[in-house]
Enquirer: 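Sharing a structure with you now.
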Amino acid sequence: DRQFGDKCGIWRILDLFDREHIKASFFLNGITAEQNVGAVKEIVAKGHELAAQPYIHEYAVMLDKEGERKIIQGSIDAFKKVVGVKPLGYLSPGVRPTPNTISLISDMGFTWSSDCIDEDLPYAVGPKDKRIVMVPKDFHPNDYTTYETGSRSPRELFSLLVDQFD
């Protein structure tokens with residue numbers, strides 16, 4: 001179901017961002033990085049940021065603390081192996097962090113997370129010596145909610161994005 005994105009979509013987005021001089025953060029899980037080495041290398045080469053999700057997009061709410069650590073570490077290891085980059089940003093699938101997520105990602109060297117929908121401005125959480133900047137997520141221009149229905153035309157999707165950013 002992700003064939004278009006892997007084969008065509010990512011390259012079109014990277015070309016668009018080049019033309020418009022846009023730098024972005026790309027959230028990937030470790031297995032996606034391992035399966036799309038060329039695209040991941042190009043993302044980094046073009047100066048974009050890689051931010052992590054769990055290794056195969058696992059929902060950590062089903063795991064204990066060590067299980068959650070393991071799935072996050074899987075993506076860190078994959079990013080290092082594929083492009084030699086350690087991610088600084090993190091997002092739990094479905095924006096569903098556990099009570100352990102902040103302490104785990106703080107201990108693992110992350111500096112920011114988008115695991116929040118409770119504010120419209122960034123704020124800091126976690127231990128004073130290892131703060132995590134929370135960058136609130138907006139579900140309106142998000143693929144999870146915007147593109148889930150096949151009944152929207154490309155024109156409707158474009159209008160949704162224009163309305164959100166204008």
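Numbers here are sequence positions counted from 1.
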Enquirer: Rounded to the nearest 0.5 Å, what's the gap from CG on Leu50 to OG1 on Thr32? Could you check?
Expert: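 Rounded to the nearest 0.5 Å, the CG-OG1 separation comes out at 11.5 Å.
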
Enquirer: Just by distance, do the side chain of Ser114 and the backbone of Val135 share a donor-acceptor pair under 3.5 Å?
Expert: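 Here the side-chain-to-backbone pair exists.
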
Enquirer: Quick one: which residue pairs count as a ring pair (Phe, Tyr, Trp, His ring centres under 6.0 Å) with a foot in residues 31-53, not counting sequence neighbours?
Expert: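 As it turns out, the ring pair (Phe, Tyr, Trp, His ring centres under 6.0 Å) pairs with a partner in residues 31-53, which skip direct neighbours, are Phe17-His48, Phe26-His48.
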
Enquirer: Grab the two heavy atoms, one from Val133 and one from Pro122, that are nearest each other, plus how far apart they are.
Expert: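 That would be CG1-CB, 4.1 Å.
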
Enquirer: Residues in salt bridge (charged side-chain N to carboxylate O under 4.0 Å, His left out) with Glu58, at least two apart?
Expert: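 Applying salt bridge (charged side-chain N to carboxylate O under 4.0 Å, His left out) to Glu58 gives none.
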
Enquirer: Verify the cluster assignment for Ile43 and Val82: are they in a single hydrophobic cluster under the rule of side-chain heavy atoms below 4.5 Å apart?
Expert: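 Yes: a chain of side-chain contacts under 4.5 Å links Ile43 to Val82.
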
Enquirer: Quick check: do Asn29 and Ile56 have side-chain heavy atoms less than 4.5 Å from each other?
Expert: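 A side-chain contact under 4.5 Å is absent here.
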
Enquirer: Using the test side-chain hydrogen bond (donor to acceptor under 3.5 Å, both in side chains), find all partners of Glu66 that sit at least two apart in sequence or belong to another chain.
Expert: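 Expected list: Arg69.
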
Enquirer: Under 3.5 Å, side chain of Asp64 to main-chain N/O of Gly67, donor-acceptor pair present?
Expert: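 The answer is yes, because a donor-acceptor pair under 3.5 Å joins these two groups.
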
Enquirer: How many angstroms lie between CD in Gln35 and CD1 in Ile31, if you round to the nearest 0.5 Å?
Expert: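 Going from CD on Gln35 over to CD1 on Ile31, the span is 4.5 Å.
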
Enquirer: By side-chain hydrogen bond (donor to acceptor under 3.5 Å, both in side chains), which residues pair with Lys81, not counting sequence neighbours?
Expert: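 Lys81: side-chain hydrogen bond (donor to acceptor under 3.5 Å, both in side chains) contacts with Glu34.
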
Enquirer: Could you pull out all residues at least two apart from Ser92 that satisfy side-chain hydrogen bond (donor to acceptor under 3.5 Å, both in side chains)?
Expert: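 Expected list: Asp115.
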
Enquirer: Please answer whether the main-chain N or O of Ala51 pairs with a side-chain N or O of Ser25 as donor and acceptor at a distance below 3.5 Å.
Expert: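 Answer holds: no.
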
Enquirer: Is it the case that one hydrophobic cluster holds both Leu14 and Val83, taking links as side-chain heavy atoms less than 4.5 Å apart, direct or via other members?
Expert: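 Yes; tracing contacts between hydrophobic side chains, which count when under 4.5 Å, links both residues.
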
Enquirer: Just how far is it from atom NE2 of His57 to atom CG of Leu28, taken to the nearest 0.5 Å?
Expert: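 One finds 10.5 Å between NE2 of His57 and CG of Leu28.
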
Enquirer: Of all heavy-atom pairs between Phe27 and Tyr90, which one has the smallest distance, and what is that distance?
Expert: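 Looks like CE2-C, 3.8 Å.
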
Enquirer: Could you measure the distance from the CD1 atom of Ile102 to the CG atom of Asp107? Nearest 0.5 Å is fine.
Expert: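 Taking CD1 in Ile102 and CG in Asp107, the distance rounds to 11.0 Å.
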
Enquirer: For Thr101 and Glu68, test the side chains for any donor-to-acceptor distance below 3.5 angstrom and give the result as yes or no.
Expert: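 Yes, Glu68 and Thr101 have a side-chain donor paired with an acceptor closer than 3.5 Å.
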
Enquirer: Determine, using the 4.5 Å side-chain heavy-atom cutoff (strictly less than), whether Trp112 and Ile72 are members of one ILVMFWY cluster.
Expert: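 Different clusters: Trp112 never reaches Ile72 through Ile, Leu, Val, Met, Phe, Trp or Tyr contacts under 4.5 Å.
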
Enquirer: Could you tell me if Ser103 and Ser106 have a donor-acceptor pair between their side chains, going purely by distance under 3.5 Å?
Expert: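 Judged by distance alone, the side chains do not pair up.
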
Enquirer: Can you name the nearest heavy-atom pair linking Ser113 to Ile105, along with the distance?
Expert: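 For Ser113 and Ile105, the tightest heavy-atom pair comes out as CB-CD1, 3.8 Å.
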
Enquirer: Determine whether Leu91 and Tyr123 fall in the same hydrophobic cluster, where Ile, Leu, Val, Met, Phe, Trp and Tyr are linked whenever their side-chain heavy atoms lie under 4.5 Å apart.
Expert: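 No; tracing contacts between hydrophobic side chains, which count when under 4.5 Å, never links both residues.
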
Enquirer: Counting C-beta onward and ignoring hydrogens, is there a side-chain heavy-atom pair between Gln73 and Ile76 closer than 4.5 Å?
Expert: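 A side-chain contact exists here, since the closest heavy-atom pair is under 4.5 Å.
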
Enquirer: Taking the side chain as every heavy atom from C-beta outward, state whether Leu63 and Ile71 have any atom pair closer than 4.5 Å.
Expert: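 A side-chain contact under 4.5 Å exists here.
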
Enquirer: Identify the two heavy atoms, one from Pro87 and one from Ala52, that lie closest to each other, and give their separation to 0.1 Å.
Expert: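 Nearest heavy atoms, Pro87 then Ala52: CG-CB, 3.8 Å.
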
Enquirer: Please find the pair of heavy atoms, one from Ala78 and one from Tyr55, that lie closest to each other, and give the distance.
Expert: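 So the minimum-distance heavy-atom pair works out to CB-CE1, 4.3 Å.
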
Enquirer: Any chain of hydrophobic side-chain contacts (each under 4.5 Å) joining Val85 to Val37?
Expert: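 Shared cluster, yes.
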
Enquirer: Can you check whether Met134 reaches Glu119 side chain to side chain, under 4.5 Å on heavy atoms?
Expert: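 With C-beta onward as the side chain, the pair stays apart.
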
Enquirer: What pairs of residues pass the salt bridge (Lys or Arg N to Asp or Glu O under 4.0 Å) test when at least one of them lies in residues 40-49, not counting sequence neighbours?
Expert: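 Found Asp18-Lys46, Glu42-Lys46.
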
